[in-house]
Each structure stands twice: as C-alpha cells, then as structure tokens.
Amino acid sequence: MFTDKGLKTTKVNLTEEQLKAQFWQFDTDGDRRLSKQELNNAFSSLGSSFPAWRTWRALCHADENGDGYINEKEFDELVKYAVKCGYAIS
C-alpha cells in the first residue's frame with residue numbers, strides 16, 4: 001500500500017488478544033455481554049465502512065442462542081469472525 005506521498009506503508013492485522021481488548025472496552029454497561037449498539041460502536045472504532053452490516057453479520061456468526069447479545073461463551077466466535085475480516089493497524 002502506498003500513501004499519497006509515494007511512501008510504502010505496512011498494515012499489521014490485529015491479533016485475537018488485541019481484538020478481545022477492543023471489543024470488551026465497548027461493554028459500556030459492564031454486563032459482560034455485547035449488545036447490538038455496543039458491537040456497532042466497536043466495529044465503527046475498528047474502521048468498518050458499514051458497522052451496522054458488520055454487526056448483523058457478527059451476530060449471525062456468533063450469537064449461538066439468538067438473544068441479540070454476544071455473551072462470554074459466544075465471545076471467541078465473535079473474535080474469530082473479526083480476525084477473518086482482517087482489521088489492521090498501520
């Protein structure tokens with residue numbers, strides 16, 4: 001990838017541990033589960049162009065019991081999904 005000045009930049013994908021920390025920081029009510037709004041905020045902070053769509057896909061992928069939240073039991077599946085999305089830092 002090149003910047004507008006022609007210098008090459010490198011992006012490094014976030015690790016599972018970094019993603020876990022990023023997601024948990026958006027558990028604003030401290031109930032140890034992520035709501036749709038909390039997920040949307042997290043995906044937005046990760047730079048998602050369409051955080052609402054990414055939230056819906058994450059819930060389809062990881063919300064095993066269908067309650068609309070990602071709980072601690074479902075959290076690893078959320079992180080695996082986010083890793084596949086390739087979120088990175090420059």
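Note that the numbering runs from 1 along the sequence shown for the chain.
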Within-4.5 Å side-chain heavy-atom neighbours: Glu38 and Asp29: yes

Spacing of CG belonging to Leu39 relative to CG belonging to Leu34, to within rounding of 0.5 Å: 5.0 Å

Expected output: side-chain Glu74 to main-chain His61 donor-acceptor under 3.5 Å: no

Any donor-acceptor pair under 3.5 Å from Asp63 side chain to Asp67 backbone: yes

Lys20 atom NZ, neighbour heavy-atom count above 12 within 6.0 Å: yes

Any side-chain heavy-atom pair of Arg32 and Asn71 under 4.5 Å: no

Sub-6.0 Å ring centroid separation between Phe26 and Phe43: no

Aromatic ring proximity Phe75/Trp24, centre distance under 6.0 Å: yes

Ala62 versus Ile70, closest heavy-atom pair with distance: CB-CD1, 3.7 Å

Minimum side-chain heavy-atom gap Thr28-Asn41 below 4.5 Å: no

Flag side-chain contact, heavy atom, 4.5 Å: Leu14 against Val83: no

Shortest non-hydrogen separation from Pro51 to Ser44 and the atoms involved: CB-N, 3.8 Å

Gln25 CD: over 12 foreign heavy atoms closer than 6.0 Å: yes

Ala88 to Asn13 - nearest heavy-atom pair and separation: CB-OD1, 3.5 Å

Nearest non-hydrogen partners of Ala58 and Leu78, listed with the distance: CB-CD1, 3.7 Å

Contact check, side chains of Ser48 and Tyr87, non-hydrogen atoms, under 4.5 Å: yes

Arg54 and Tyr81 side chains, donor-acceptor separation under 3.5 Å: yes

Glu64 and Lys73, any side-chain heavy atoms less than 4.5 Å apart: yes

Connected via hydrophobic side-chain network under 4.5 Å: Trp56 and Phe50: yes

Side chain to side chain, Tyr69 and Leu59, heavy atoms closer than 4.5 Å: no

